[in-house]
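The structure appears below as structure tokens.
The analysis underlying the following values was restricted to heavy atoms, covering all of them including side chains, and did not include hydrogens, waters or symmetry mates. The first residue of the sequence shown is numbered 1, and numbering continues consecutively from there.
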Amino acid sequence: MEMQVDPAALREKYSRAMEQFTYAGKEPEAKERLRYLFHSQRVSFSSIAPEWENWRTWAEACIEEEDWPGLCRVLSQWDKLLMLPCIYGSYTYEKNFHCALECLVTGDVLAIERLLPPELAKVKDSHTPFFPAAAHLMLGLWYKDAAVLEWAVPEAEALLGTKKVNQMERAMLSFLLDIVGGDMVKGSEDLLAVCKAFGRDKRYVLGARPFCTYAHGLYCLAQLLLPEEVFDALEPPDYKSFLPAFARWRRENPNPDRSLWYRYPEDLDIFNQIYTAPPARLVLFQPLLDNPNVKPRERQHWMAHGVKCVDNYVDELWNMGIGRE
């Protein structure tokens with residue numbers, strides 16, 4: 001399929017991002033350049049990448065050709081754009097639950113512990129009520145932590161009884177509860193509900209995916225966590241936003257190829273290296289804890305420490321040999 005990316009345009013955007021870099025001599029110049037790239041507020045990583053329309057076109061072509069290995073490669077690199085750390089921090093971690101589902105679609109299970117570390121169990125209040133409830137259920141399931149599930153299950157059930165969640169969020173929470181209880185009859189109904197709700201609410205559509213990656217991620221999660229005889233009772237959704245042939249292929253190929261779909265030219269190889277590295281580890285902190293001007297409950301809020309997350313990631317990339325000239 002035809003590539004519609006102009007490498008010259010990407011080079012120009014990278015040059016603009018780096019044009020104000022000044023070497024301070026605090027560490028090797030190449031490492032300072034790498035750090036500056038992540039700290040720069042002038043041009044985002046997503047702007048030095050193929051446009052969203054290209055990723056969608058490539059994914060749609062793979063679906064049409066039933067090129068499932070190719071689809072995994074497209075999704076894996078597409079999702080990396082959303083997983084790159086941001087210095088702004090705050091509640092940016094809320095996207096991690098959805099990114100984790102997409103990682104499960106492509107078989108990148110090692111990324112889950114970076115996106116959803118056990119420390120997230122401390123997050124009780126967030127920008128959206130869905131995130132902590134979904135993340136806590138995921139933590140209990142993924143880490144097989146019965147102590148977390150003991151309070152995460154009633155927390156999610158209580159949220160389902162409110163109007164604070166939309167249709168897709170309600171269906172996803174319900175499906176996670178179905179995994180906890182091993183009820184795949186209801187699980188089949190809830191997974192279908194996720195597919196039906198997909199696309200109606202734009203709040204969580206990660207770059208307008210051409211199919212319901214959330215449902216596929218939940219399906220893969222069930223396969224990983226449930227005994228085979230229980231998982232076999234889960235009916236794949238019969239709906240236009242679900243790809244049954246892809247789901248069957250993934251079931252037979254638990255660790256598909258996740259090599260880069262789009263490779264940057266040699267002079268921009270730093271991006272090839274970054275996109276093949278693991279995602280950054282989430283770092284949490286309580287910036288309002290000692291602020292007397294904030295309500296007591298708000299002081300307890302946990303947020304992503306953007307700068308520390310970025311700096312830790314740059315150190316990790318450098319230690320891996322990424323960015324060295």
Would you confirm whether [X], through its side chain, and [Y], through its main-chain N or O, come within 3.5 Å as a donor-acceptor pair?
{"X": "His136", "Y": "Val148", "answer": "no"}
{"X": "Trp302", "Y": "Leu120", "answer": "no"}
{"X": "Ser241", "Y": "Cys212", "answer": "no"}
{"X": "Arg258", "Y": "Thr106", "answer": "yes"}
{"X": "Thr276", "Y": "Asn272", "answer": "yes"}
{"X": "Arg114", "Y": "Pro117", "answer": "no"}
{"X": "Lys26", "Y": "Tyr23", "answer": "no"}
{"X": "Lys164", "Y": "Thr128", "answer": "no"}
{"X": "Glu60", "Y": "Pro210", "answer": "no"}
{"X": "Asp67", "Y": "Gly70", "answer": "yes"}

- Query: Do Asn312 and Asp315 have side-chain atoms, one donor and one acceptor, less than 3.5 Å apart?
  - Reply: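 Looking only at side-chain atoms, Asp315 and Asn312 do not form any donor-acceptor pair under 3.5 Å.
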- Can a donor-acceptor pair be found between the side chains of Asp257 and Ser259 at a distance below 3.5 Å?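 Yes, Ser259 and Asp257 have a side-chain donor paired with an acceptor closer than 3.5 Å.
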- Item | Aromatic ring proximity Trp55/Trp52, centre distance under 6.0 Å |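 Here the rings of Trp52 and Trp55 have centres that are no less than 6.0 Å from each other.
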- Aromatic contact, Phe231 with Tyr219 (centres under 6.0 Å):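 Close enough - the centres of the two rings lie under 6.0 Å apart.
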Would the number of heavy atoms belonging to other residues, nucleotides or ligands and lying under 6.0 Å from [atom1] of [X] be above 12?
{"X": "Asp238", "atom1": "CG", "value": "no"}
{"X": "Glu228", "atom1": "CD", "value": "no"}
{"X": "Gln167", "atom1": "CD", "value": "no"}
{"X": "Glu19", "atom1": "CD", "value": "yes"}
{"X": "Lys308", "atom1": "NZ", "value": "no"}

- Plane angle bin for Tyr264 and Tyr262 - parallel if under 30°, tilted between 30 and 60°, otherwise perpendicular: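 Tyr262 vs Tyr264 ring planes: perpendicular.
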- Under 30°, 30 to 60°, or over 60°: which ring-plane class applies to Tyr91 and His301, parallel, tilted or perpendicular?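 Perpendicular, since the angle between the ring planes exceeds 60°.
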Charged N to carboxylate O below 4.0 Å: is that the case for [X] and [Y]?
{"X": "Lys80", "Y": "Asp108", "value": "no"}
{"X": "Glu102", "Y": "Arg209", "value": "yes"}
{"X": "Lys13", "Y": "Glu51", "value": "yes"}
{"X": "Arg248", "Y": "Glu252", "value": "no"}

Shortest non-hydrogen separation from [X] to [Y] and the atoms involved:
{"X": "Ala133", "Y": "Glu155", "value": "CA-OE1, 3.5 Å"}
{"X": "Ala49", "Y": "Leu81", "value": "CB-CD2, 3.8 Å"}
{"X": "Phe242", "Y": "Pro236", "value": "CE2-CB, 3.9 Å"}
{"X": "Ala245", "Y": "Trp68", "value": "CB-CZ2, 3.7 Å"}
{"X": "Gly323", "Y": "Gln273", "value": "N-OE1, 3.5 Å"}
{"X": "Thr213", "Y": "Val105", "value": "O-CG2, 3.3 Å"}

What I'd like to find out is whether the side chain of [X] reaches to under 4.5 Å of the side chain of [Y], using heavy atoms alone.
{"X": "Met83", "Y": "Cys103", "value": "yes"}
{"X": "Leu84", "Y": "Tyr275", "value": "yes"}
{"X": "Pro7", "Y": "Leu10", "value": "no"}

- Who passes ring pair (Phe, Tyr, Trp, His ring centres under 6.0 Å) against Phe45, sequence neighbours left out?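 Ring pair (Phe, Tyr, Trp, His ring centres under 6.0 Å) check on Phe45 returns Phe38, Phe271.
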Between [Y] and [X], is there a cation-pi geometry (under 6.0 Å to ring centre, at most 45° from the normal)?
{"X": "Arg324", "Y": "Trp318", "answer": "yes"}
{"X": "Arg73", "Y": "Trp78", "answer": "no"}
{"X": "Lys124", "Y": "Trp151", "answer": "yes"}

- Task: Go through the steps to decide whether Phe198 and Phe211 satisfy the test ring pair (Phe, Tyr, Trp, His ring centres under 6.0 Å), and finish with yes or no.
- Result: CA-CA 8 Å; Phe198 178 76; Phe211 69 106; 8.0 Å; no
- Task: Check the pair Asp190 / Leu173 against side-chain contact (heavy atoms from CB on, under 4.5 Å), numbers first and verdict last.
- Result: CA-CA 9 Å; Asp190 289 328; Leu173 283 176; over 6 Å; no
- When Tyr93 is tested against each of Tyr88, Phe131, Phe285 for ring pair (Phe, Tyr, Trp, His ring centres under 6.0 Å), which residue passes?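 Only one of Tyr88, Phe131, Phe285 forms a ring pair (Phe, Tyr, Trp, His ring centres under 6.0 Å) with Tyr93, namely Phe131.
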